[in-house]
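Let me begin by presenting the structure, written as structure tokens, before commenting on it.
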Amino acid sequence: DGGITQSPKYLFRKEGQNVTLSCEQNLNHDAMYWYRQDPGQGLRLIYYSQIVNDFQKGDIAEGYSVSREKKESFPLTVTSAQKNPTAFYLCASSIAKGYPYEQYFGPGTRLTVT
Amino acid sequence: DAKTTQPPSMDCAEGRAANLPCNHSTISGNEYVYWYRQIHSQGPQYIIHGLKNNETNEMASLIITEDRKSSTLILPHATLRDTAVYYCIVRATQGGSEKLVFGKGTKLTVNP
């Protein structure tokens, strides 16, 4: 089955620790995205990548870092510099930039930092 | 990207049509209207999108007014599994932002 996988579904960390969230897609999509969702809120874009080895900051990139070494993978690291890291993190992908291709979302990772 | 306005919540009886409105009065000529939905604690799911003409797929119909300032998503026979938050998004094509700007959406509750 083609799709986007995110792991783990739930993640718990102590304050001050960096944590990396996994996102893998087998849809052969060029573009990948990371969003953050807080309770009762819409999604906010953290980072996106249109092509391997290239990525751009979204609206709330501070305290986060990403890499795009392979087309299939777009891991997100939540660093200790992120002031409020507890949130629901969603990864998405789309065919390419330009034409309004729809974005396909993974199941999400719920991160809790205490 | 243009902003959208949606009612915060709506109710619908199972088996009836659910009509979800969206205002996007500042939409520009190259912006498409997208609809996504999010079932609790899951990733958003794409439903449908359109530019000017009405669109229909296996999930829903999208009706866009002639002036493109508003649209309606129609779920023709709502089921309990359609209970979700529905997001209306407008987004440009080339030259515009590639991000999807999600507002708070409309929480649709389908009642038995």
Side-chain angles (χ1 to χ4, degrees), chain A residues 3-7 9-10 21 23-25 27 29-51 54-61 74 87-112, chain B residues 1-6 8-9 22 24 27-53 55 57-60 62 64 68 73 84-107:
Chain A
I4 300 176
T5 57
Q6 292 185 244
S7 60
K9 189 167 178 63
Y10 298 95
L21 282 59
C23 177
E24 304 278 334
Q25 55 98 358
L27 300 167
H29 286 174
D30 286 315
M32 297 187 73
Y33 312 80
W34 273 105
Y35 293 88
R36 167 187 173 135
Q37 187 174 36
D38 294 286
Q41 304 295 316
L43 280 67
R44 292 183 291 169
L45 184 67
I46 304 173
Y47 269 97
Y48 66 100
S49 168
Q50 303 288 358
I51 196 170
D54 187 45
F55 47 83
Q56 288 78 40
K57 293 182 179 180
D59 297 322
I60 54 165
F74 191 41
F88 188 43
Y89 290 87
L90 288 154
C91 179
S93 70
S94 64
I95 292 176
K97 181 179 179 178
Y99 180 82
Y101 297 110
E102 59 267 30
Q103 292 184 14
Y104 293 86
F105 285 81
T109 291
R110 193 167 297 279
L111 173 65
T112 302
Chain B
D1 289 339
K3 292 188 178 170
T4 62
T5 304
Q6 299 177 254
S9 63
C22 179
H24 30 80
I27 193 170
S28 57
N30 67 341
E31 288 183 316
Y32 282 70
V33 179
Y34 286 78
W35 283 84
Y36 283 76
R37 72 180 182 184
Q38 187 175 24
I39 296 169
H40 183 63
S41 294
Q42 297 182 21
Q45 177 189 22
Y46 165 81
I47 301 173
I48 199 167
H49 75 277
L51 183 63
K52 295 180 184 177
N53 300 322
E55 302 288 344
N57 63 21
E58 64 278 5
M59 289 183 69
L62 174 61
I64 302 174
R68 301 186 69 237
L73 179 75
V85 178
Y86 287 77
Y87 297 98
C88 170
I89 299 160
V90 293
R91 177 178 154 233
T93 56
Q94 286 179 327
S97 169
E98 299 304 322
K99 67 183 178 185
L100 296 176
V101 180
F102 284 77
K104 295 188 179 181
T106 295
K107 180 169 172 51

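No hydrogens, no waters, no symmetry mates; every other heavy atom, side chains included, goes into these values. Since this is a predicted model, take the numbers as computed values, not measurements. Below, chains carry the letters A, B, ... as their sequence lines are ordered, and counting in each starts from 1.
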Worksheet, complete the sentence: Applying a strict 4.5 Å limit to non-hydrogen atoms, the region of Q56(A) in contact with chain B is neither

Fill in: Contact origin within R44(A) toward chain B - heavy atom pairs under 4.5 Å
neither

Practice prompt. Using distance alone, with no hydrogens and no angle criterion, decide if Q103(A) and Y35(A) have a side-chain donor and acceptor under 3.5 Å apart.
Written response: yes

Discussion item. Is the ring pair Y104(A)/H29(A) parallel, tilted or perpendicular, if the boundaries are 30 and 60 degrees?
Written reply: tilted

Worksheet item: Top residue by heavy-atom pair count (under 4.5 Å) with chain A, among S41(B), P44(B), G103(B)?
Response: P44(B)

Practice prompt. State which residues pass ring-ring contact (aromatic ring centres under 6.0 Å, His included) with F88(A); sequence neighbours excluded, sorted by chain then number.
Written response: none

Fill in: Y87(B) and T4(B): CA distance, side-chain angles, deciding distance, side-chain hydrogen bond (donor to acceptor under 3.5 Å, both in side chains) verdict
CA-CA 9 Å; Y87(B) 297 98; T4(B) 62; over 6 Å; no

Practice prompt. Establish, from distance only, whether the side-chain atoms of Y32(B) and R91(B) form a donor-acceptor pair under 3.5 Å.
Written response: no

Item to complete: Could you tell me which portion of Q45(B) (side chain, backbone, both or neither) has an atom closer than 4.5 angstrom to a non-hydrogen atom of chain A?
Response: neither

Worksheet item: Where does L43(A) contact chain B at under 4.5 Å (heavy atoms): side chain, backbone, both or neither?
Response: both

